[in-house]
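Structure first, then comments.
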2 protein chains.
Amino acid sequence: MPPRGEHSRTELKALILEAAGTIAESDGLRGLTARAIAQAIGYSPGTLYNMFTDLDDVVVQLNTETLDALHDRLAAVVPSGVPEADVLALARAYVGFARERPRRWNLVFEHNPADGRELSEHQRARIEDLLALVAAALEPLFPASEARQRDHAARVLWSATQGITALAGAGKLARAESVDGMLRGLITYQLRGIAASSEHPDFEVP
Amino acid sequence: MPPRGEHSRTELKALILEAAGTIAESDGLRGLTARAIAQAIGYSPGTLYNMFTDLDDVVVQLNTETLDALHDRLAAVVPSGVPEADVLALARAYVGFARERPRRWNLVFEHNPADGRELSEHQRARIEDLLALVAAALEPLFPASEARQRDHAARVLWSATQGITALAGAGKLARAESVDGMLRGLITYQLRGIAASSEHPDFEVP
DNA sequence: AAAATTATTGAACAATGTTCAGTTATGGGT
DNA sequence: ACCCATAACTGAACATTGTTCAATAATTTT
């Protein structure tokens, strides 16, 4: 049976997420209330609970969309084959994305789902995709037999970039180092260290 | 005029922060309500507002205490003079602290103070102290004339460690790499890269 | 046309942060 | 010894939150 309103079920879901995104961007998690969303789309609060179990659920799905958008952005970076340049380009794309929508991006980390609620499979897959982009950029530095080490290095670089973006972005680093300078410091030395190493230990099997 | 209750003003403040810490540790930010704190210390909710302006204020001061404790922990690490060993020891102390009180540590980053409320001077100073410990461990790698570069490297390492701890700790890294393995990957290559560089560019002045 | 079905409402509930007039206890002044 | 100015503390009140659910309204099926 078609909906009585002007929007189908899926349209409404998209509407809600869009409104939630807008509110999150302007007011952060604090302003992201059920009533605010409902009012923004011209429905009553109860309607949200037809397609979302929770407000938490709304945030989780919003974060999933954010990760999707981030992935699209990073996937658009065209590799040059030079690891240092490619990793830096990916990191800059990451930071650029985070700086354009700071609050919305922050929500991905600010929001701790209630106990027992796990990361969705879709979200895990997206993160895996993102890491694959970094790993691909590192390809020339590792022989084919060292795929594990290459993936490990990608994870380290990814987490480190995330840390730099988070701390510097939130102004939690006392002096105001530029994010870009820190990224270059990280990537330059990290890749130089890898390149300077004749063999690459498996840090997970000590 | 002495207090009418059994606790002085400062004692009460400490009591509140202690109760807040306990609640935060067991229930996270979600359980940290004014009434829960009040009940835990046997006072009425209104009492909190005599020594704290806000619940936000309670969280901020709790986070300050957390940073103090973290600093104490890292300051207790005795340097050996070998940069790689010392930085790794600091990073491990950091991670160890975070793993012992995961929710409480998480609060430092999970909590975004309302707009306009800045990081306190005391908190900035604590962070600066922490960075100084890392910078000291890097001392042997940089000539005295390159203090800026050394501090920069310390900030990068610190942020990266934070990123690794946060992502791996929250299980947001798909596969379960060990935190320790990632720390070793980070530090090994970063310091090797620094050591392998005959000159150290100032990444803040490109 | 009637019935069945479903989307949507909006009133209700419990719990939250926060305020503040009022109550109670204390210490100093007379 | 009495009082009273002062500070500490209460607890009831208010607005706002997430969430539920009987009632309503609109649409499709019969």
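Below, chain A is the first sequence line, B the second, and so on; all start at residue 1.
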When you get a sec, tell me which of C:dT9, D:dA8, C:dA7 is the closest nucleotide to the side chain of B:R9? D:dA8
Base, sugar-phosphate or nothing for A:L12? Non-hydrogen atoms, less than 4.0 Å. sugar-phosphate
Qualifying residues under side chain to side chain donor-acceptor pair (under 3.5 Å), relative to A:T47, sequence neighbours excluded: none
Rounded interatomic separation in angstrom, taking CD1 from A:I37 and C1' from D:dT19: 14 Å
Partner residues of B:F52 under the ring pair (Phe, Tyr, Trp, His ring centres under 6.0 Å) criterion, sequence neighbours left out: none
Expressed as a whole number of angstroms, how long is the span from A:N50:CG to D:dC21:P? 13 Å
Distance, rounded to the nearest Å, where A:L15 contributes CG and C:dT8 contributes C1': 15 Å
Can you name the ring pair (Phe, Tyr, Trp, His ring centres under 6.0 Å) partners of A:F97, sequence neighbours left out? none
What pairs meet the salt bridge (Lys or Arg N to Asp or Glu O under 4.0 Å) rule with one or both residues in residues 74-86 of chain A, with sequence neighbours excluded? none
Looking only at atom types and distance, does a side-chain atom of A:H122 sit under 3.5 Å from a main-chain N or O of A:T64, one as donor and one as acceptor? no
For residues 88-102 of chain B, pull every pair meeting side-chain hydrogen bond (donor to acceptor under 3.5 Å, both in side chains), keeping only residues two or more places apart or in separate chains. B:R73-B:E100, B:R92-B:D180, B:Y94-B:Q162
To the nearest angstrom, how far is B:D57 atom CG from C:dT19 atom P? 12 Å
Over how many whole Å does the gap from A:I16 atom CD1 to C:dA7 atom P extend? 13 Å
Among residues at least two apart in sequence or on other chains, which ones pass ring pair (Phe, Tyr, Trp, His ring centres under 6.0 Å) with B:H71? none
Which residues in residues 19-28 of chain B have a heavy atom closer than 4.0 Å to any atom of DNA chain D? none
Protein-nucleotide distance (B:Y43, atom OH; C:dT24, atom P), rounded to Å: 17 Å
Global bending angle along the helix from C:dA1-D:dT30 to C:dT30-D:dA1, which compares the axes of five pairs at either end, to 10 degrees: 20°
In whole angstroms, how far is the P atom of C:dT19 from the CZ atom of B:F52? 15 Å
side-chain hydrogen bond (donor to acceptor under 3.5 Å, both in side chains) partners of residues 27-40 of chain A, not counting sequence neighbours, each pair once: A:R30-B:D56
With a 4.0 Å limit, can you tell me whether A:T47 has a side-chain N or O closer than that to the phosphate oxygens OP1/OP2 of C:dA7? no
Across all chains, not counting sequence neighbours, the ring pair (Phe, Tyr, Trp, His ring centres under 6.0 Å) partners of B:F109 are B:W105
Counting N and O atoms only, with roles assigned by atom type, does the side chain of A:S120 sit under 3.5 Å from a partner on the main chain of A:Q123, one being a donor and the other an acceptor? yes
Please list, pair by pair, any protein nitrogen or oxygen found under 3.5 Å from a nitrogen or oxygen in nucleotides 15-18 of chain D.
unit_1 : atom_1 : unit_2 : atom_2 : d
D:dG18 : OP1    : A:A34  : N      : 3.3
D:dG18 : OP2    : A:A34  : N      : 2.9
D:dG18 : N7     : A:R35  : NH1    : 2.8
D:dG18 : O6     : A:R35  : NH2    : 3.0

Taking atom P of D:dC9 as reference, at what distance in whole Å does atom CD1 of B:I41 sit? 9 Å
Return the set of residues passing salt bridge (charged side-chain N to carboxylate O under 4.0 Å, His left out) with B:D129 (not counting sequence neighbours), or none when no residue passes. B:R126
